[in-house]
Each structure stands twice: as structure tokens, then as C-alpha cells.
Amino acid sequence: MCGRYSLTTPPEAMRRLFGFEALPNLPPRYNVAPTQEAPVVLPAGEPDGDGLRPQRTLAQRTLAMARWGLLPPFAKSPADGARMINARAETVATKPAFRRAFAKRRCLVPADGFYEWQKLGDGPKAAKQPWRIGLKGGAPFAFAGLFETWQPPLPEDVDAEATAGAPILSFTIITTTANAAIEKIHPRMPVMLAEADHDLWLSGAAEPAALQALLRPFPAEAMGYYRVSTRVNAVRNDDAECIAPLTAGGTED
DNA sequence: CCAGACGTTGTT
DNA sequence: GTCTGG
DNA sequence: CCAGACGTTGTT
DNA sequence: GTCTGG
């Protein structure tokens with residue numbers, strides 16, 4: 001799956017990959033965790049609500065901050081999104097929580113690495129070794145994501161306009177089976193989109209079959225991975241030590 | 001019909 | 001053990 | 001994903 | 001909102 005990732009790439013490289021007209025305001029993140037806010041790239045015109053803090057717009061795309069953990073339209077509170085941090089590629093088109101977003105609200109989730117924990121033994125006490133995984137050379141890329149704008153329910157008593165909470169933009173990351181390299185660490189991995197597929201993924205005119213075809217494991221030969229410290233386990237640790245290679249081993253990043 | 005879930009991972 | 005919070 | 005709580009009353 | 005389980 002994918003339950004932590006990093007986004008440490010300097011703004012200029014982000015601007016080039018995603019086609020923003022100006023440098024985005026993106027401080028480095030070494031340890032992005034569920035329920036936290038992270039940047040997402042939305043199709044043109046999104047979001048259309050208030051309070052969503054779009055930062056930069058180009059003709060085809062918007063960069064906005066969103067909460068990790070999809071809040072479907074029927075969510076009763078933001079806590080309901082905490083478990084929806086991933087959606088399986090195999091079922092995303094049909095599951096009630098995801099299918100509308102798959103049809104209408106697809107986004108790119110910028111990253112330059114993700115973490116997977118490898119179980120080193122059996123049983124509940126088995127130690128876990130975290131790995132950082134990404135493209136060889138460390139270039140940034142995009143996860144295939146879905147987004148929703150969730151409107152908090154109105155209280156019943158008072159004037160609705162005065163008490164309506166701000167809408168929350170939320171997202172999830174689609175997962176698929178691990179490729180031949182990653183499966184030694186973990187059986188699943190997030191869907192990474194090649195740059196050439198970004199426009200198709202965001203296109204409102206795309207055929208469902210064409211979209212589904214993008215949800216495949218990224219080629220192993222293009223990827224690198226290395227062990228990192230268990231320091232990354234704690235979400236309060238969000239610094240460069242999280243991405244530092246632990247020892248020799250794995251491939252160079 | 002109404003009530004309750006709506007999700008993933010991993011482990012057994 | 002299981003749920004919540006980050 | 002992992003870490004940390006998991007509870008109540010009453011007092012500050 | 002919509003589907004599943006009872």
C-alpha cells in the first residue's frame with residue numbers, strides 16, 4: 001500500500017514537471033502522513049468551492065492543498081476519511097466510496113518517494129524495516145489520485161449561512177500489485193503515472209478503459225529503493241533524516 | 001422493508 | 001486487541 | 001502507514 | 001446517495 005511518502009523536490013523542478021506558470025510554495029516534506037494536508041494537482045476549473053486555497057493556476061491545472069484520506073459525499077465527519085487513504089485499482093471503478101471520484105474527480109499527487117515497511121519475521125512482534133522507494137535518480141513523479149470536496153453537515157438550529165463550515169478538499173492514492181522488485185519488500189505499491197499520462201488521467205473526456213489501463217505497476221527497472229531509519233515511523237519526525245540511507249543495501253536512489 | 005455500511009492492509 | 005490521530 | 005490511547009470526576 | 005445484510 002502506501003501510507004507515507006515524501007515531497008522534497010525544489011519548486012523549480014515541480015514547476016517543470018507539472019507545468020505551473022509560477023513557482024509553487026511547497027516547503028519540503030519528508031514524512032507526509034494520513035490526515036495531513038499535502039499538495040494535489042487538479043484539472044482546470046477545480047476546485048470550484050471556497051476555502052480550498054488554490055495556489056497557482058495554469059490553463060489546464062490547479063495546485064491546491066488537500067487532506068489525505070478521501071471523504072466521500074456520505075461522510076459524517078472528517079474522521080471518516082482516515083481509513084480511505086488508499087483505493088485498490090482492481091475495485092476503484094465500482095466501490096461506492098470511490099467510483100464517482102474515479103469517474104469525475106481524478107487528480108495527481110506529487111511525490112518523490114514513498115515508504116513501505118518490510119516485515120522481518122512472523123507474528124505480531126515481527127520487526128519492520130522501512131524502505132524509501134522512488135524513481136532511480138530521485139526525480140519527482142505523480143501518484144494516481146482521486147479527490148472530493150466535502151461539505152460539513154449544517155447544524156439544525158441556527159442560520160445556515162452563518163454557521164456552515166468550510167468545505168474540505170480530500171484525496172486518496174490508488175494502489176496496485178507490487179512489481180518484481182518491490183514485491184520483495186511489500187505486496188502492493190501506489191500507482192505512479194508516467195509524465196506522458198498526466199493529461200489523460202486528468203482529462204474529463206477519457207474513456208474508463210483507458211483510465212483503468214493506467215493503473216498498473218510502474219516498471220521495476222526505472223525504480224530505486226533503499227533502507228531508512230525507523231525514525232520515519234513517528235509522524236512527528238518530518239526532517240531530512242527520514243530520507244537518509246540507513247546502510248549500504250538495495251539500489252542507489 | 002429498515003439498518004448499517006460505505007475501506008485497505010495483512011494475518012490467520 | 002482495537003480504535004483514533006497524525 | 002505507525003504511535004498511542006484505551007476513562008471518569010472534579011479541580012485548576 | 002446507494003448497496004448489502006437481515
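Order of the sequence lines fixes the chain letters, A, B, ..., with proteins taken first and strands second; residue numbering starts at 1 for each chain. All of these numbers come straight from a predicted model, not from anything done at the bench.
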A/Arg99 CZ to E/dT4 P, in whole Å, measures 9 Å
When you compare B/dC6 with C/dG6, how far apart are their P atoms, in angstrom units rounded to a whole number?
24 Å
Main-chain N/O of A/Leu120 paired with A/Lys128 side-chain donor or acceptor, under 3.5 Å
no
Taking any heavy-atom pair under 4.0 Å as a contact, classify A/Arg4: base, sugar-phosphate, or nothing.
base
Counting heavy atoms from C-beta on, name the nucleotide in C/dG6, B/dT9, E/dG1 closest to the side chain of A/Phe74.
E/dG1
Starting the side chain at C-beta, find the nucleotide from D/dA3, D/dC1, B/dT9 nearest to A/Asn233.
D/dA3
Among A/Ile174, A/Thr177, A/Leu215, which residue meets the side chain to side chain contact (heavy atoms under 4.5 Å, CB included) test with A/Glu90?
A/Thr177
Report the nucleotide, chosen from D/dC1, B/dG7, B/dC6, that has the shortest atom-to-atom distance to any side-chain atom of A/Trp117.
D/dC1
Round to the nearest Å and state the distance from A/Asn237 atom CG to D/dG4 atom P.
10 Å
Where the side chain of A/Ala79 is defined as all heavy atoms beyond and including C-beta, which of D/dA3, D/dC2, C/dG5 is the nearest nucleotide?
C/dG5
For the P atoms, the ones on C/dC3 and on D/dG7, what distance do you get once it is rounded to whole angstrom?
12 Å
Calculate the interatomic distance between A/Ile85 atom CD1 and D/dA3 atom C1'; express it in whole Å.
14 Å
For A/Arg83 and C/dC3, what is the distance between atoms CZ and P respectively, to the nearest whole Å?
9 Å
Under 4.0 angstrom, heavy atoms only, what part of the nucleic acid is A/Pro34 near: base, sugar-phosphate, or nothing?
base
A/Arg188 side chain to A/Thr175 backbone, donor-acceptor under 3.5 Å
yes
With rounding to whole Å, what would you report as the distance between D/dC2 and B/dT8 at their C1' atoms?
15 Å
Taking the same atom, P, in D/dG10 and in B/dA3, what whole-Å distance lies between them?
36 Å
Would you say B/dC6 has OP1 or OP2 under 4.0 Å from some side-chain N or O of A/Lys95?
no
Given B/dC6, D/dG4, C/dG6, which nucleotide is nearest the side-chain atoms of A/Arg236?
D/dG4
For A/Pro130, report the nucleic acid contact type (base, sugar-phosphate, nothing); a contact means any heavy atom under 4.0 Å.
nothing
Among B/dG7, C/dG6, D/dG4, which nucleotide has an atom closest to any side-chain atom of A/Ala33?
C/dG6
B/dT8 P sits how many Å from A/Asp80 CG, rounded?
15 Å
Just how far, in rounded Å, is P of D/dC2 from CG of A/Asn31?
12 Å
From the list C/dG6, E/dG1, B/dT8, which nucleotide is the closest neighbour of the side chain of A/Pro96?
E/dG1
Touch check for A/Thr91, heavy atoms < 4.0 angstrom, all strands: base, sugar-phosphate only, or nothing?
sugar-phosphate
Starting at OH of A/Tyr115 and ending at C1' of C/dG6, how long is that distance when rounded to a whole Å?
15 Å
What do you reckon, is CD of A/Glu12 surrounded by more than 12 foreign heavy atoms closer than 6.0 Å?
yes
Nucleotide of B/dC6, D/dC1, E/dT2 approaching A/Arg100 most closely (side-chain heavy atoms):
E/dT2
Exam field: side chain A/Thr172 to backbone A/Gly69, donor-acceptor pair closer than 3.5 Å
no
Could you tell me how far apart A/Arg29 (CZ) and D/dC1 (P) are, to the nearest whole angstrom?
19 Å
Would you classify A/Thr172 as touching base, sugar-phosphate or nothing, given that sugar-phosphate means primed atoms plus P, OP1 and OP2, and contacts are heavy atoms under 4.0 Å?
nothing
Anything under 30° is parallel, anything over 60° is perpendicular, the rest tilted; go ahead and classify A/Phe114 against A/Phe141.
perpendicular
Go ahead and name the base partner of C/dC3; Watson-Crick or wobble counts if both distances stay under 3.5 Å, otherwise write none.
D/dG4
May I ask you to decide if the ring planes of A/Phe143 and A/Tyr5 are parallel, tilted or perpendicular, using 30° and 60° as cut-offs?
perpendicular
